[in-house]
Protein chains: 2
Amino acid sequence: MLKANHHAEPLGRREQNKIDTRQAIADAAFELARSVGPGAFTVDQVVERAGVSRRTFFNYFPSAEDALTVRMDLFIDLALGVFEQLPADEPLFGAIIRAFTETTRMEGLSQHGELFRMAGADPDLLRAQLHSWERAEARIAEALRARLGTAASELYLTALVGCVMSSTRAALRDWAVHTPPSAADSGRQLEARILAALTMLRDGFADPGALITPHPPDTPARS
Amino acid sequence: MLKANHHAEPLGRREQNKIDTRQAIADAAFELARSVGPGAFTVDQVVERAGVSRRTFFNYFPSAEDALTVRMDLFIDLALGVFEQLPADEPLFGAIIRAFTETTRMEGLSQHGELFRMAGADPDLLRAQLHSWERAEARIAEALRARLGTAASELYLTALVGCVMSSTRAALRDWAVHTPPSAADSGRQLEARILAALTMLRDGFADPGALITPHPPDTPARS
DNA sequence: ATGCTTTGTTGCACGGAGTGCAAAAATTGC
DNA sequence: GCAATTTTTGCACTCCGTGCAACAAAGCAT
């Protein structure tokens, strides 16, 4: 187990207030999205819940949907922190997989799945999430660049990161479809899928053999 | 060379008018984006150029940025048409690569690159494009599902398509960075990159060896 | 504590985005 | 040509997103 790298600096009241406000807004937005549905609430409703002014909201987020991507950004923060602590000589795919699984263990997954599922109902939320993945991709590519140095071409690097993210997203999608209610082993279900997808990637998708969920739905994949 | 599958049905005036209007709006939006920059023009300016009412614009597109993704959607139309005509026993990656290269030969690439580069300057356009890629992914997955039948799991299928799109996107990005002006061999440059990225994918990213553009920029990659 | 500087919040105002609705115009079928 | 259908348009309305200036809170020095 890796230590959490908490940045536990003194952190003045200025910084803390901003973090709190940001979180309050994000929480308010999430609760609203959960209760009335994504895209079915206004910024005014959010700020009323969060206890800030309308103008302040837009100081933090450019749109209501962006307040719903905070969780993913934080998730990437964690994952990158984990990744940077892994030994530099560990095999690449192994390190990536470990960074993901280690992170999913400290962060709850249910909300991510819930948000992912919400995106199916609201194009604007979907776009915000895609943008979030894009930002994450850039950040991860950055971290990988630091790890691999100039040994790898830019194309190799960006394509690899893109594929890792795509595979992870496919796993999330599959998981969201086949594990709608919060099942007991929900976490393991997702982990298994991410692992399966990344393994396919490592093998160049040579074997179409069904590892998880054949074609018909409702096959809980006894893993 | 494959035939273009032109759907040359009679096509009444209703249908034709809609197509024309759609195209007029898309063209007007593209010209504006090109001259004043993406995100720097209003819907009113677009509709004035296109010669339609403001309300009509929103009958066709939900936002100004969406009018700029028409080209990519059409590109996918073409590519899918090509893909479906390829022999069913052709190796998967080969078929995908061929579908792409065949399509790039009939469609101009410069506008795609231009739009791609524009997205770096306007978050909303970027989101619209990401959404467009997402739609394309779904459509391609559909086509692949028809081709592979139930032999492949959903996860395999969606992960594969996602990775193909990601690799292509990485190639586009690399190309857009290293080939800013419309160079003479612009088309071949892009083709080479897409091929390189998809080859990396097929090989499971086992070899970080620099195929195109080592690390430093401005290395035209003698192909 | 007191004042001074820096930084974050709020209200206001304004232009633009997006949508429901009903009237008007264009296309189609007969 | 006439009636039915489909598309375009104008209007009105709400909500979004932002520049600006006044205001409040935190930091800093004495």
Aromatic ring pairing A:His112/A:Phe75, orientation class (parallel under 30°, perpendicular over 60°, tilted between):
perpendicular
Has A:Ser53 got a side-chain N or O lying under 4.0 Å from the OP1 or OP2 atom of C:dT10?
yes
Among C:dA17, C:dT10, C:dG20, the one nearest A:Arg55 by side-chain distance
C:dT10
With a 4.0 Å limit, can you tell me whether B:Thr42 has a side-chain N or O closer than that to the phosphate oxygens OP1/OP2 of C:dG16?
no
Positional range of nucleotides in DNA chain D within the contact set of chain B, heavy-atom, under 4.0 Å
D:dT5 to D:dC11
Rounded to the nearest Å, what distance is computed from the OH atom of residue B:Tyr60 to the P atom of nucleotide C:dA17?
20 Å
Calculate the interatomic distance between A:Arg54 atom CZ and C:dC14 atom P; express it in whole Å.
15 Å
A:Arg14 side-chain proximity, nearest of C:dG11, C:dG18, C:dT6:
C:dT6
Gap between atom CG of B:Asp66 and atom CG of B:Asp73 - 0.5 Å precision:
9.0 Å
Any donor-acceptor N or O pair under 3.5 Å, side chains B:Ser53, B:Thr56
yes
Need one value for B:Phe61: base, sugar-phosphate or nothing, where a base atom within 4.0 Å counts as base even if backbone is also close, heavy atoms only.
nothing
So which one's nearest nucleotide on DNA chain C is more toward 5', B:Ser63 or B:Glu15?
B:Ser63
Reckon A:Asn17 has a side-chain N or O less than 4.0 Å from the OP1 or OP2 of C:dG8?
no
A:Asp122 CG to C:dG18 P: how many Å, rounded?
13 Å
If each end axis of the helix from C:dA1-D:dT30 to C:dC30-D:dG1 is fitted on five C1' pair positions, the angle between them, to 10 degrees, is 30°
How many Å lie between CG on A:Asp124 and C1' on C:dT19, as a whole number?
14 Å
Can you tell me how far the CG atom of A:Leu109 sits from the CZ atom of A:Arg71, to the nearest 0.5 Å?
13.0 Å
Under 4.5 Å between any side-chain heavy atoms of B:Val43 and B:Phe61, yes or no?
no
In terms of heavy-atom contacts, B:Pro87 and B:Arg147 come closest through O-NH2, 3.0 Å
Are there over 12 heavy-atom neighbours, none belonging to B:Glu48, within less than 6.0 Å of that residue's CD?
no
Any non-hydrogen side-chain atom of A:Leu155 less than 4.5 Å from a side-chain atom of B:Met200?
yes
Rounded distance in Å - CD1 (A:Ile19) to P (C:dG8)
12 Å
Atom pair distance, as rounded to whole Å: CG in B:Asn59 and C1' in C:dA24:
14 Å
In whole angstroms, how far is the C1' atom of C:dG16 from the CD atom of B:Glu48?
16 Å
Does atom CZ (B:Arg135) have a neighbourhood of more than 12 heavy atoms from anything else shown, all under 6.0 Å?
yes
Distance check needed: C:dG16 P versus B:Phe57 CZ, whole Å only.
15 Å
Is any side-chain heavy atom of A:Ile194 closer than 4.5 Å to a side-chain heavy atom of A:Thr101?
no
